[in-house]
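One structure is given below, encoded as structure tokens.
This structure is a prediction, so every number in the text was calculated from the model and none was measured.
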Amino acid sequence: MAKVKKEEKAGDRRVNLATAVSLMHRLVTEPLCDEVFDGVRTTERRRKFSLHTLFYFWTSVVLRAPPALTLAFEEAKVGADPLVPNLTGSLGAFFDRCKTLHYGFFLGLYHRFVDLVTEEIQGDFAGCVAHLRETFSTISIIDGSRCDKIAHRLKILRNVRAVVLPGCLTAVYDLFRGFATRLYFGPDAGMAEIKRAVEVIETLPVGGLLLGDRLY
């Protein structure tokens, strides 16, 4: 009689992101990044580290979780990271670019990417609640979070001693499609979550069901 395998611990589970990365490579192109950059910019100039390059570098950092950003940069610079294209220049110049580039560029690129993905995905996720389509146009889950853990991680990797006020995020997850269709960043780390939620709710389509925790 075959032995029954023990249930995997939550920390041991792995998610295959190959399909998601392939979709991202196909949709997030250099022309798309240039289009977003031109639409958001005011006084920003095009530099050696383009929005396209920065997007894929940070995507790679999220996927690979390198022990240090310096190592990730050096690997990408010599072509050891196939996800990151055209990474040139010095490490210092790279960090300066990341510190001064407004978050609106990445937010604009995310929303543009979501628009393209939404056109391709018909919404066949979470089939157990598919019957609710007859009543609701969408089922969304809203939640917010401060970015303290992210800031703490980056502070460790970059050896930053100064106090970091990282801001906060609010996300709206589409249950029918299986991804966050709305993502908002607030630079004010002290802004109340319910206040941020009200601003987001006003942008949602009529006829949908919105779920949240006890705060909402």
Side-chain angles (χ1 to χ4, degrees), residues 10-41 44 46-118 120-121 145-160 164 166-169 171 173 177-185:
D12 295 334
R13 294 174 184 170
R14 293 181 178 272
V15 179
N16 188 349
L17 296 176
T19 301
V21 172
S22 177
L23 178 66
M24 191 166 54
H25 253 297
R26 180 163 59 83
L27 297 180
V28 185
T29 61
E30 206 158 356
L32 177 68
C33 292
D34 290 342
E35 176 188 325
V36 171
F37 186 90
D38 291 336
V40 176
R41 69 178 295 272
E44 291 278 348
R46 293 187 181 279
R47 297 183 183 273
K48 187 174 296 183
F49 300 107
S50 66
L51 181 61
H52 184 252
T53 298
L54 292 174
F55 170 79
Y56 278 107
F57 175 83
W58 289 111
T59 298
S60 177
V61 168
V62 171
L63 294 175
R64 297 172 55 222
L69 291 180
T70 301
L71 176 62
F73 179 87
E74 295 300 333
E75 289 179 347
K77 190 174 181 179
V78 298
D81 187 345
L83 190 62
V84 185
N86 307 321
L87 186 60
T88 59
S90 67
L91 181 64
F94 172 79
F95 281 141
D96 287 340
R97 179 60 165 167
C98 291
K99 285 191 294 183
T100 58
L101 190 65
H102 194 271
Y103 68 86
F105 289 98
F106 293 101
L107 199 59
L109 183 58
Y110 179 81
H111 288 157
R112 188 73 182 89
F113 172 68
V114 166
D115 290 342
L116 294 174
V117 172
T118 302
E120 296 197 6
I121 298 179
S145 174
R146 303 194 190 283
C147 302
D148 302 74
K149 291 184 179 181
I150 298 174
H152 180 67
R153 177 62 175 165
L154 293 178
K155 186 174 181 179
I156 292 175
L157 292 176
R158 293 186 51 202
N159 192 28
V160 177
V164 178
C168 41
L169 291 172
Y173 180 85
R177 288 192 169 89
F179 61 86
T181 53
R182 298 285 195 281
L183 183 64
Y184 298 92
F185 172 76

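- Here the side chains of L87 and Y56 are not in contact, with every heavy-atom distance at 4.5 Å or above.
- Considering only heavy atoms from C-beta on, T70 stays 4.5 Å or farther from F94 through its side chain.
- Residues A72 and V61 share a closest heavy-atom pair of CB-CG2, 4.4 Å.
- Checking side-chain atoms of H52 against main-chain N and O of P31 turns up no donor-acceptor pair under 3.5 Å.
- Atom CG of L91 is separated from atom CG of D96 by 9.5 Å, given to the nearest 0.5 angstrom.
- Not a single donor-acceptor pair under 3.5 Å links the side chain of T53 to the backbone N or O of F49.
- The distance from atom CD of E30 to atom CG of L51, rounded to the nearest 0.5 Å, is 10.0 Å.
- Test F185, W58, Y184 against Y103 for ring-ring contact (aromatic ring centres under 6.0 Å, His included) and you get one pass: F185.
- Note that CZ of F106 and CZ of F113 are 15.0 Å apart. Values are rounded to the nearest 0.5 Å.
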Stepwise, does the ring-ring contact (aromatic ring centres under 6.0 Å, His included) test hold for F105 with F37?
-> CA-CA 6 Å; F105 289 98; F37 186 90; 4.8 Å; yes

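- Considering every non-hydrogen atom in both L32 and L116, the closest pair reads CD2-CD1, 3.9 Å.
- Scanning both residues, D38 and R41, for their nearest heavy atoms gives O-CG, 3.6 Å.
- Side-chain atoms of T181 and V117, non-hydrogen and from C-beta on, never get closer than 4.5 Å to each other.
- Annotation: side chain of R64 is in contact with side chain of D81 (closest heavy-atom distance under 4.5 Å).
- In this structure, NE2 on H25 lies 9.0 Å from OG1 on T59, to the nearest 0.5 angstrom.
- Minimum interatomic distance between L183 and H111 (heavy atoms only, all atoms of both residues): O-NE2, 3.0 Å.
- Note: C33 SG to R112 CZ = 11.0 Å, rounded to the nearest 0.5 Å.
- Atom CZ in F95 sits 13.0 Å away from atom OG1 in T100 (nearest 0.5 Å).
- With contacts defined as side-chain heavy-atom distances shorter than 4.5 Å, the pair V40/H102 does not qualify.
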